[in-house]
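Encoded as structure tokens, the structure appears first; notes follow it.
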Amino acid sequence: MCRFVIYKGTEPVQLSHLLTRPCHSIINQSFDSRLRLDHRRPINGDGFGVGWYDPVYDEELGSQPCIFTSVTPAWNNVNLLRLAEKTKSPLVFAHVRATTAGTLSLDNCHPWSFGKLMFMHNGGIAEFHRIKRKLQNSLSDELFNMVTGNTDSQWSFALLLSKLPDPNAKGFTPSILQRAMLETIAHINALLEEANITEPSLMNFCVTDGETVVATRYISSRTDEAASLWFSSGSTFSEYAEGGHYKMSKTDKRENIILIASEPLTFEKADWMEIRTNHMVVITPKMNLLQIPIIDKFYTPPSDPKSPTRDSEFAATKGFLIPRRESHPRSPASSLQNGSH
């Protein structure tokens, strides 16, 4: 499965603390995951990308994110190692790819950017080739021409941009990004329904303008579980034991760091909370984290008897689900620290 991680903090983080140093970083997950249920593809070696915003605004550099992508395996890219050790940012998107749609090329590596916005996706739109032309027809020439790759993910980004009042704006409120995300999912679902496509689509989308982050854990099904998505928050994210064993620490009530990830970056059970299926997560500029239900025909309210019993088989067979935290393995260092035998 593809994987992504999002970092938003009140202070810049050195990219290596997210990408390369943790023993269960997104890069290590791409070839050696102890949590993966994906038996179809043991590695994510079809390219990677990392995008970030400057810690301090520079008029000459502009407000757009910087993005570094490569089609080489992430764990074997010396330029990424060098970059991660010398770059800091308060907002980072990172993605490792196992192709489900589109060819192996730089144009198809996440994340993508447009103006101040950055976007990435974990999942897949079912039978996308059958709705691609109609989706394209809804785009302006500018947004149609900004797509350089051939994945369902980048076309979904173009569709999201079309839902914004002005995709070239210098800033976006959380409500504007939230509304655009909901309209994007609704538009895709309408196209799928019109084409009589019944296989569920996995739409874990995330978008940011460098200040607000909007991410979804979503599947177009009332009975199936979506691709996995987790969040962690606290004061510091740091190494507590040699060998890249990291944990999230909470020294006060304020949230200085929020992480969202397809798969937890640590083996500390208390660090991570699972985001509910068919919910949207919004991180506001003031570091508030909101979890909002996506209410459509695929939503099951908590009062519905079927709500807690969604079937995980579909997402697992697609390689997009990991076990819930109760079954997470523990690293030796964390087990000793907590007195486990």
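Please read these numbers as outputs of a predicted model, since none were measured by experiment. Sequential numbering from 1 along the given sequence is applied to the chain's residues.
- Crowding of Asn79 atom CG: a count of heavy atoms from other residues, nucleotides or ligands under 6.0 Å exceeding 12.
- Test Lys116, Lys170, Lys286 against Glu211 for salt bridge (Lys or Arg N to Asp or Glu O under 4.0 Å) and you get one pass: Lys116.
- A salt bridge links Arg21 with Glu85: the distance from a Lys NZ or Arg NE/NH1/NH2 to an Asp or Glu carboxylate oxygen falls below 4.0 Å.
- Interatomic distance, Trp112 CH2 to Thr151 OG1, rounded to the nearest 0.5 Å: 3.5 Å.
- Val213 pairs in a side chain to side chain contact (heavy atoms under 4.5 Å, CB included) with only one of the listed residues (Thr208, Val281, Val282), which is Thr208.
- Under a hydrophobic clustering in which Ile, Leu, Val, Met, Phe, Trp and Tyr are joined whenever their side-chain heavy atoms come within less than 4.5 Å, directly or via other members, Val214 and Ile258 fall into different clusters.
- Under the 4.5 Å side-chain criterion, counting only non-hydrogen atoms from C-beta, Ile67 is not in contact with Phe93.
- Using a 4.5 Å cut-off between side-chain heavy atoms of Ile, Leu, Val, Met, Phe, Trp and Tyr, with links allowed through other members, Tyr299 and Phe314 fall into different hydrophobic clusters.
- By the 6.0 Å contact criterion, CD on Glu193 is open, its count of non-hydrogen atoms from other residues, nucleotides or ligands being 12 or less.
- Remark: side-chain polar atoms of Asp152 are paired, donor with acceptor, to backbone N or O of Ile125 under 3.5 angstrom.
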_Trp155 and Val147: CA distance, side-chain angles, deciding distance, side-chain contact (heavy atoms from CB on, under 4.5 Å) verdict_ = CA-CA 7 Å; Trp155 285 110; Val147 179; 3.5 Å; yes
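- In this structure a side-chain-to-backbone donor-acceptor pair under 3.5 Å is present from Gln291 to Arg276.
- Aromatic ring orientation, Phe119 versus Phe157: parallel (interplanar angle below 30°, classes split at 30° and 60°).
- No side-chain heavy atom of Cys66 sits under 4.5 Å from any side-chain heavy atom of Ser113.
- A donor-acceptor contact shorter than 3.5 Å is absent between the side chain of Glu199 and the backbone of Ala126.
- In Lys88, the NZ atom is not crowded: 12 or fewer heavy atoms of neighbouring residues, nucleotides or ligands sit closer than 6.0 Å.
- Not one N or O on the side chain of Ser235 forms a donor-acceptor pair closer than 3.5 Å with the backbone of Asn256.
- Note on Leu290: it does not cluster hydrophobically with Ile275, by side-chain heavy-atom contacts below 4.5 Å among ILVMFWY residues.
- Linking Ile, Leu, Val, Met, Phe, Trp and Tyr whenever their side-chain heavy atoms come within less than 4.5 Å puts Ile185 and Val207 in one cluster.
- Remark: the backbone N or O of Leu61 is paired with a side-chain donor or acceptor of Gln64 at under 3.5 angstrom.
- Taken together through direct or relayed side-chain contacts under 4.5 Å among Ile, Leu, Val, Met, Phe, Trp and Tyr, Phe205 and Leu229 form parts of separate hydrophobic clusters.
- Side chain of Arg217 to backbone of Ala226: a donor-acceptor contact under 3.5 angstrom is found.
- Of the N and O atoms on the side chains of Ser16 and Gln14, at least one donor lies less than 3.5 Å from an acceptor on the other residue.
- Ser220 places no side-chain N or O within 3.5 Å of a backbone atom of Asn189 that could act as its donor or acceptor partner.
- With hydrogens and angles ignored, the 3.5 Å screen pairs a side-chain donor or acceptor of Thr216 with a backbone N or O of Met203.
- Put simply, the side chain of His245 never gets that close to the backbone of Phe267: no donor and acceptor are under 3.5 Å apart.
- In this structure, His110 and His95 have parallel ring planes: the angle between them is below the 30° cut-off, well short of the 60° mark.
- Side chain of Asp166 to backbone of Asn168: a donor-acceptor contact under 3.5 angstrom is found.
- The CG atom of Leu135 lies 4.5 Å from the CG atom of Leu159; values are rounded to the nearest 0.5 Å.
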